[in-house]
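Let me begin by presenting the structure, written as structure tokens, before commenting on it.
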Amino acid sequence: NVNPAKVIVTEEDFEAALARHKVPSARAGRGFGARGFEAPPAMPPSSAVAPLLSSSMQSVQEACAQRFLPWGHSASAVNGREAVPLALLGARVLLRFPDVRLLRQLEPALLTGCELPAFTADLNEAMAYPEGIGAYLREAVAAAASSAPSVLLVPEFQRWGPRAFPNDSLAERARAPAELLNALERLPAEAPVLVLATVAGPAPSPTTSAASGVAKSASISTAAAVAMPDSPAAASDAGRDPVPARGNQDVVAGSGTRTGARTTWAKLTSLFEEAQVVSPGATEARGFLAGLLRKGLRSLVDQLLEDQHGKAQQPELAKAADGSHEEARVSLMSPEEVAKEEEEEQYWERQFRQQVRQILNALSQYSHFFAFTAAPGDLREAAPAGAEVSVEGPLTLREMTETNDKRGYTSVAGVREDVRRIRTNVELLFPDRSGGPERRIRAFADELVEKAEAKLDCIDEEVERMLAMTISRQQRRRAAQLRLREPDAEEAGAWNRTSSAARRPKALPPGKASPPAASPGRRSAQKAGLPPASAERRPTDLPPLLEAAVMQGIDSLVSGLPSRTTDSVWLEAVIELGQRVQRNLCMCLSAQTQAGGAGSRQAAHPSHARHLLKKLTDRFKAEYKPPASEAMDSHTCASLLAKRLNAFQLWPHGQSEQANAQQVMADIVALLTSKDAAASASGRHDVQSVQTTAACNPGKSPGRLRNCGRS
């Protein structure tokens, strides 16, 4: 819970709040304002899809880096004192993707590696802008120019083209090419801005471009070959339906209007330099599919071996000695880590001493507490002549202040005890309750305790809690350091008792260096039987036999792909293979399969792969021998599972057993990549749902049951 009374609002908080605040007109314009044109942050592809898109992403990075010098550098790096002048280094690049699906996959990650300010000019946002498309484009270009070097992203560039049949609802859309052309032409030539546009689909042939009737020079013929979005084919390539003609509106759009629009579009495309994005190849497809299989099979193997480890009888371990855990922690700490802990402990001690000092100084300001601010001897001299008693502890606030400065207080309880001890000592020195001066000083002592108690209650709870934690840690660390130094002192004594000849190091063979000396803490930890720093870790790769089966299955899958007549068909087939593999792996790891569902043991079911792999792990269990209790001195309970997993990596050992295991692993991979298995599994799930409905509704006819199953 946050205490509102302790919240401190700074100027930075106000600046951050004002930066997020948007005026009502900006909110009405779908979030446009001073920062409304910034492109969303780059989202790199997921680890599952990254191997498939690696070559395409690299081609995008190379195309942008070759044409725009600041790409890949931060704004501070390119604007430094010794930076290269960037004037006149702006560029306009048109990235042509061979397939719409590839564009959709890479579009969120286009700006990966670019640390420059990035802005976007999206047609949907421009259409929704309150002041119109022209104002939107002018402000977006101005924002990019003011933040140069920067990047202006124009996604789905073909959508900015003219329509063959403009109507009333698309009147604003018809002016989009001209507005974009005017905005880009107004971009200052010296501004280092990269205008990055994206388009999907193959470039039209030169004969098609010549038949359009638009004169293009040889230098801009490639860039002007962007597909005109006035045809049904181009609309389908963009993932949208073509706009149908309404009545006789096609007559209104005369040939002169269409010719002018095409001329504007040709000028707009001539501003860009086209760069072809490489489509994923067979190597990327192998890495993509192999990565899915490796991750899924590794999870399946770990799951089966973890279940096996949980049911196995564990060796009985002796209880660790008191402080052994702290000794292991201290022995592995570097001097920098120890110094950091000591600095934290000193910080909380200072905070506590400062708060106690403020309380003692505040109590000393009361005039009727003057007797408790004097020297202890003065208060004893003021006591009656017959009060010859010995007192323990402080008698004045001055003594408490000196104790606090010497770091004598480590908790609030210690300060309370000394304040109460002052009252007890005053009562011992001034036992007479009837006398006026004695009664008065006793009353002052009672008031001192009450005021001190009230002020001590205001000490920060976090400071008190952190001080107690750091002091406890400091005590444990120092005790562990003392225990670790004892064996080293014994070694030093034995070393000093040896002769000087025995102490002389032996000569090493030429070319060999002396081994590094172990630190004292590490030697003591090894003597005490503590776990070493490099403990046994769980494997992350597949066993060699299973890895070979995966690569063999992937090669057969990739060789069965359709010929690369078009990149879109080939990429679609690769992604469908990945979806199939992922679906089969999820079925193997599902809870129904673990519980032994009806289809988990059927040969055509993809989850039968789990059943085959479990047979292998059961055979491994019969041969695996866990370490004995006496051999567990250098291990912990957590490392027992890692030892089992690492032992499975090297299993089996015999040649005949390896051949049998390799065949079973090949069958497992074939099941996980088989299309027929997934289809049969889907069919069996439908049959099981119909059977379940029949069991729950015995009065229904078979025909109605079939209808229920289809529904």
Side-chain angles (χ1 to χ4, degrees), residues 286 289-313 536 538-560 577 580-590 592-627 640-678 680-681 684:
R286 288 188 181 91
L289 297 174
L292 294 178
L293 276 175
R294 289 191 188 103
K295 186 175 181 180
L297 285 172
R298 183 69 258 175
S299 300
L300 188 57
V301 170
D302 290 347
Q303 191 180 89
L304 292 174
L305 291 178
E306 285 174 4
D307 295 343
Q308 182 184 112
H309 176 73
K311 298 176 182 178
Q313 184 178 2
E536 194 164 4
R538 297 176 57 152
T540 57
D541 52 346
L542 292 176
L545 295 179
L546 190 54
E547 176 69 22
V550 167
M551 296 311 300
Q552 183 179 359
I554 293 302
D555 290 339
S556 62
L557 275 181
V558 175
S559 62
L577 280 178
R580 182 202 310 170
V581 170
Q582 194 78 345
R583 181 169 56 250
N584 293 339
L585 286 169
C586 289
M587 293 178 65
C588 288
L589 293 168
S590 63
Q592 181 182 3
T593 305
Q594 296 178 27
S600 61
R601 295 177 180 270
Q602 298 177 8
H605 200 278
S607 57
H608 183 61
R610 180 188 180 90
H611 179 62
L612 295 178
L613 189 57
K614 190 176 185 306
K615 284 187 175 181
L616 285 180
T617 56
D618 290 343
R619 288 167 51 189
F620 163 75
K621 176 184 177 182
E623 301 179 10
Y624 176 69
K625 295 181 179 180
L640 289 175
L641 176 59
K643 288 185 67 66
R644 184 181 293 267
L645 294 174
N646 287 321
F648 185 75
Q649 295 288 106
L650 306 176
W651 182 85
H653 305 289
Q655 295 183 356
S656 59
E657 294 179 352
Q658 288 182 359
N660 295 335
Q662 189 171 6
Q663 181 60 41
V664 174
M665 292 178 181
D667 295 340
I668 292 172
V669 174
L671 280 171
L672 294 176
T673 57
S674 174
K675 182 179 181 181
D676 298 335
S680 64
R684 285 190 181 87

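By convention here, the first residue in the shown sequence is residue 1. Bear in mind that the values here come from a model prediction, so they are computed numbers and not experimental data.
Listed by chain and number, the residues in a side chain to side chain donor-acceptor pair (under 3.5 Å) with Gln663 are Asp667 (sequence neighbours excluded). For Lys621, the side chain to side chain contact (heavy atoms under 4.5 Å, CB included) criterion is met by Gln308, not counting sequence neighbours. With sequence neighbours excluded, no residue forms a salt bridge (Lys or Arg N to Asp or Glu O under 4.0 Å) with Arg644. With sequence neighbours left out, the side chain to side chain contact (heavy atoms under 4.5 Å, CB included) criterion links Pro539 to Arg298, Asp541, Leu645, Asn646, Gln649. Scanning for side chain to side chain contact (heavy atoms under 4.5 Å, CB included) contacts around Ala548 gives an empty result, with sequence neighbours left out. In this view, Lys614 and Asp618 satisfy the side chain to side chain donor-acceptor pair (under 3.5 Å) rule, not counting sequence neighbours. Applying the side chain to side chain donor-acceptor pair (under 3.5 Å) test to Glu306 and every residue at least two apart in sequence or in another chain returns Arg538. By the side chain to side chain donor-acceptor pair (under 3.5 Å) test, Asn660 is found to be paired with no residue, residues two or more places apart in sequence or in another chain being considered. Taking the salt bridge (Lys or Arg N to Asp or Glu O under 4.0 Å) definition, one finds that Arg619 meets it with nothing, sequence neighbours left out. By the side chain to side chain contact (heavy atoms under 4.5 Å, CB included) test, Glu547 is found to be paired with Arg294, Leu542, Met551, residues two or more places apart in sequence or in another chain being considered.
Arg610 is not listed as a side-chain neighbour of Met587, based on a closest heavy-atom distance of 4.5 Å or more. Considering only heavy atoms from C-beta on, Phe620 stays 4.5 Å or farther from Lys615 through its side chain. Between Leu640 and Pro626, every side-chain heavy-atom pair lies at or beyond the 4.5 Å cut-off. Taking the side chain as every heavy atom from C-beta outward, Phe648 and Pro543 approach each other to under 4.5 Å.
Looking at every heavy atom in both residues, Pro652 comes nearest to Leu545 through CD-CD1, 3.8 Å. Of all heavy-atom pairs between Cys588 and Leu300, the closest is O-CD1, 4.2 Å.
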| request: Go through the steps to decide whether Asn584 and Leu671 satisfy the test side-chain contact (heavy atoms from CB on, under 4.5 Å), and finish with yes or no. | output: CA-CA 8 Å; Asn584 293 339; Leu671 280 171; over 6 Å; no
| message | Would Leu546 and Val301 count as a side-chain contact (heavy atoms from CB on, under 4.5 Å) here? Give the steps. | response | CA-CA 10 Å; Leu546 190 54; Val301 170; 4.3 Å; yes
| side-chain contact (heavy atoms from CB on, under 4.5 Å) assessment of Leu616 paired with Met665 | CA-CA 9 Å; Leu616 285 180; Met665 292 178 181; 3.9 Å; yes
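Residue Leu589 holds its CG atom at 6.0 Å from OG of Ser299, rounded to the nearest 0.5 Å. For the atom pair CG of Leu585 and CG of Leu297, the computed distance is 6.0 Å after rounding to the nearest 0.5 Å. With rounding to the nearest 0.5 angstrom, the CD atom of Gln303 is 11.0 Å from the OG1 atom of Thr617.
Relative ring orientation between His608 and His611 is described as tilted, the plane-to-plane angle lying within the 30° to 60° band.
Residue pairs satisfying the salt bridge (charged side-chain N to carboxylate O under 4.0 Å, His left out) criterion with at least one member in residues 653-663, sequence neighbours excluded, are absent.
For the pairing with Thr673, the side-chain contact (heavy atoms from CB on, under 4.5 Å) check across Ile668, Leu293, Val550, Leu577 returns one residue only, Leu293.
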